[in-house]
Amino acid sequence: MYAKVIIDISHENIDRLFTYRLTVKAAVGQRVLVPFGKGNRLTEGFILDITETAPDLQGHELKNIIKVCEDYAVLDREQIMLAEWIRETYHCTLAQSLRLMIPAQMRGMRISEKKLRAVKIKDGVDADEYLRSLRTKNGKIRSQGAYDTVEFLMQTDNAVLVSDITEIIPTCSSAVVKRLIDLGILEVSMQTVYRRPQTVKKTSGKKPELTKEQKTVLEQILSEEKGTFLIHGVTGSGKTEVYMSVIEDLVSKGKGAIVLVPEISLTPQTVARFTGRFGKRVAVLHSRLSAGERFDEWRRIRVGEVDVVVGARSGVFAPVHDLGAIIIDEEHENAYASEKNPRYNAVEVAQKRCKIASAKLILGSATPSVTTYFRAKLGKYKLLEMKERVNALPLPAVETVDMRAEFVSGNNSIFSRRLVEKLKKCIENGEQAILFLNRRGFSSAVSCRNCGYVWKCDSCDVSMTYHKFDRKMKCHYCGEEADIPKLCPSCKKAYIKYVGIGTQQIEEEIKKILPQVSCIRMDADTTKKKDAHMNILSEFASGKAQILIGTQMIAKGLDFPNVTLVCAVSVDAMLAMPDFRGYERTFELLTQVAGRAGRAGKEGSVILQTNIPDHPVLTFAQNHDYKGFYEYTIKNRLENMYPPYSVFVRVLFSSEAEETAHTESVRFANSVYERMCSLLSAKGADLNEILYIYAMPAPIKRIQNKHRRHVLIKLARTKNTHELINTVYDYDKDVFDSEISVEINPNDML
Ligand code: ADP
Ligand code: ZN
């Protein structure tokens with residue numbers, strides 16, 4: 001027998017199958033150790049195929065597989081197919097795409113199962129006799145700990161973890177157990193335990209009677225075996241409840257499901273709802289698990305102890321058997337696109353995986369991405385709508401406040417009078433409020449009032465952000481910190497001002513106007529520690545804090561019944577985003593934050609503070625008018641030939657030498673243009689499908705001392721797009737010194 005192996009080294013030159021003699025017992029999907037290269041270094045690899053016929057050796061000697069890494073297959077056939085598709089689609093090596101399917105620490109055997117001591121009554125021991133021996137003549141018990149422990153263990157034939165016994169039996173301790181072992185009463189064995197991630201308290205698993213809308217949507221999803229569905233449902237319309245009902249149906253048929261949420265550590269409430277309903281048969285996969293927790297959750301899924309995986313982006317690769325559906329909540333979120341190689345998009349991967357497994361793909365959002373909605377309208381996805389909130393609760397009233405008018409009438413605070421008034425009322429009523437701003441820190445920039453000098457990071461071409469509480473300026477790109485300046489280095493004057501606002505400033509202002517109210521801040525600065533998200537949210541949920549201040553991480557998916565007031569403290573920076581998706585992002589974010597208010601019968605209200613109150617996007621957000629927003633945007637996209645009518649390809653060059661990045665990007669632009677032209681000519685297609693190719697400096701010209709240039713390519717979407725994109729990757733890597741990365745429709749092009 002012969003095994004075809006992918007070596008777990010990501011290099012283009014060895015991105016192919018190597019044949020080994022199969023001298024150990026192993027199956028397709030198993031990881032093995034093989035001698036590799038001239039020095040026959042022992043290297044890990046994946047068996048992707050097993051054949052009986054010897055390959056044509058052409059004089060080479062076949063090497064033997066040395067041993068298996070684990071005694072089970074880490075990949076199934078569907079995952080292997082998926083990995084091959086990922087290699088083709090995202091232009092990475094197969095080793096890179098296979099790595100996505102397993103816990104990272106498994107490679108290099110850096111993680112192992114956790115084993116704990118367990119005990120049971122030794123075979124042949126007469127436990128009753130032993131208990132009798134512990135009693136004195138007058139019926140007293142001599143060693144209560146030993147007595148209770150043995151009596152407890154008599155109830156079962158299985159070994160019980162020592163840690164469990166000491167917890168259950170108050171008189172038992174590890175010393176007691178040790179003595180019983182020494183006496184030969186108990187025998188020890190080692191038992192594998194799973195390290196489980198901490199989750200917030202389970203909510204009741206009781207299933208509510210579905211609303212009419214929920215039932216209709218559910219029926220449509222259940223009536224089809226496979227396909228892609230888009231649930232466009234307003235916030236609070238009960239989408240999650242529909243997801244759970246779909247999963248119940250699948251589980252009853254012995255199938256499993258994957259639920260993706262944008263960043264799960266931010267939505268512990270969702271996890272709690274799923275564990276409430278499906279109990280232990282839920283696994284959780286997200287970026288904040290410890291290596292051991294991730295490994296163990298993965299193993300529980302793999303051995304089939306789990307029906308439902310709730311995970312962030314990479315959860316799409318979870319080894320669920322008999323996959324019945326993948327559900328992607330908040331499908332419009334950026335977080336589904338990986339920013340590292342392989343630059344996969346979890347929504348696309350899910351679509352492929354569902355196709356391979358004949359499963360359903362269910363996308364859900366209150367604000368579907370323009371591209372997804374476009375496809376749904378074309379009939380590629382089945383569009384399902386949920387227009388009403390559960391119990392017909394009204395959507396919150398949204399009002400915009402013109403901050404220019406505030407300024408003119410003498411209020412130069414970051415809070416409008418309207419906001420302060422509503423905030424006070426909300427607090428008086430014992431209700432809660434959320435204040436949202438898309439920037440952490442205290443101010444967005446530090447500048448000189450006299451000459452306009454702006455402090456920038458030494459290593460990056462971005463302005464420093466003032467962090468008042470740490471008394472530092474920080475670079476949000478590389479993390480560099482600097483002391484607060486006393487003098488302007490340019491004009492030597494001491495007129496320092498802080499421009500723009502950040503979440504810290506909001507917190508400080510709140511403390512000034514409502515000193516007795518407890519507030520809590522959630523942003524990248526306050527959530528560095530493990531479980532910090534959960535703890536902050538629990539504190540808010542418990543009512544200990546009445547005001548939650550935060551960045552976009554609080555905008556999404558949270559369900560706090562007592563929140564009646566939500567304010568976006570400044571929406572203008574979002575609208576001014578230098579990206580064709582700026583409006584889409586703003587509308588999304590505002591709809592999401594607004595959706596946090598008034599979720600449980602109490603009337604909610606939302607305030608948007610802005611200098612441009614008449615902006616159409618704000619009007620659509622105010623009216624909860626997704627469709628109006630969509631029509632407005634798609635028209636604009638067509639006029640400007642933006643996606644979905646086109647595709648952006650961005651090739652980023654970064655190098656310590658500015659000249660290198662410059663000349664290489666120009667050279668690349670010329671050569672890719674030639675490649676594209678010859679492809680199109682060969683097909684007799686119109687060269688105008690290439691809308692443009694520019695080489696230019698990236699908007700952020702330098703990050704961590706690397707100069708950045710990019711080639712921007714805009715292609716009309718046609719049947720040739722796929723092949724045109726392939727030509728971008730088709731360059732000789734050895735002739736470039738810059739670091740090059742190719743991104744297709746990236747989340748940003750900064
Ligand atoms: P979405 O995911 O669309 O934002 P959820 O599923 O979170 O909506 O539902 C919003 C709230 O309504 C949740 O607190 C949920 O428990 C509750 N809910 C959902 N469906 C029902 C129902 N049929 N009856 C009663 N309450 C429901
Ligand atoms: Zn920096």
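Note that ligands are numbered from 1 as they come in the structure, with each ligand's atoms numbered from 1 the same way.
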Under 4.0 Å from a heavy atom of [X]: give me the atoms of ligand 1 that qualify, with their elements.
X	value
T211	23 (N)
E209	22 (C), 23 (N), 24 (N)
L210	23 (N)

For ligand 1, the portion of M386 having any non-hydrogen atom under 4.0 Å away
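Answer for M386: neither.
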Shortest protein heavy-atom distance from [atom], along with the residue and atom involved:
atom	result
atom 15 (C) of ligand 1	R273 NH2, 3.6 Å
atom 24 (N) of ligand 1	P208 CB, 3.3 Å
atom 20 (N) of ligand 1	Q214 NE2, 3.0 Å
atom 1 (P) of ligand 1	K239 N, 3.5 Å
atom 13 (C) of ligand 1	D559 OD2, 3.4 Å
atom 2 (O) of ligand 1	T240 OG1, 2.7 Å
atom 21 (C) of ligand 1	V390 CG1, 3.6 Å

If you measure every N/O of [X] against every N/O of ligand 1, is any gap under 3.5 Å?
X	result
G238	yes
G236	yes
T235	no

If you apply the rule side chain to side chain donor-acceptor pair (under 3.5 Å), what do you find for T372 with E331, and how did you get there?
CA-CA 9 Å; T372 301; E331 67 80 30; 2.8 Å; yes
Say whether E348 and T89, considering side chains only, have a donor N or O and an acceptor N or O under 3.5 Å apart.
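Per modelled atom types, E348 and T89 side chains form no pair under 3.5 Å.
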Less than 4.0 Å between atom 17 (C) of ligand 1 and some protein heavy atom, yes or no?
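Under 4.0 Å from atom 17 (C) of ligand 1, zero protein heavy atoms found.
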Using the ring of each side chain (for Trp, its six-membered ring), is [X] parallel, tilted or perpendicular to [Y], with breaks at 30° and 60°?
X	Y	answer
Y90	W85	perpendicular
Y344	F317	perpendicular
F629	Y626	tilted

Answer yes or no: is there an ion pair linking K627 with E631, defined by an N-O contact shorter than 4.0 Å?
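A salt bridge is absent here (no side-chain N lies under 4.0 Å from a carboxylate O).
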State plainly whether the residues R196 and E297 are in salt-bridge range, i.e. N to O under 4.0 Å.
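Yes, charged N to carboxylate O under 4.0 Å.
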Enumerate the salt bridge (Lys or Arg N to Asp or Glu O under 4.0 Å) contacts for residues 218-227, please, sequence neighbours excluded, ordered by first and then second residue.
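Qualifying pairs: E224-K382.
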Report all side-chain donor-acceptor pairs from residues 301-316 shorter than 3.5 Å, counting only partners two or more places apart or in another chain.
residue	atom	partner	partner atom	Å
R302	NH1	A73	O	3.4
E305	OE2	Y194	OH	3.4
D307	OD1	R281	NE	3.3
D307	OD1	R281	NH2	3.1
D307	OD2	R281	NE	2.7
R313	NH1	A335	O	2.9
R313	NH1	A337	O	3.1

Looking at ligand 1, would S237 count as a contact under a 4.0 Å heavy-atom criterion?
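Flag set, S237 near ligand 1.
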I'd like to know whether NZ of K207 has more than 12 heavy-atom contacts from other residues, nucleotides or ligands below 6.0 angstrom.
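Enclosed.
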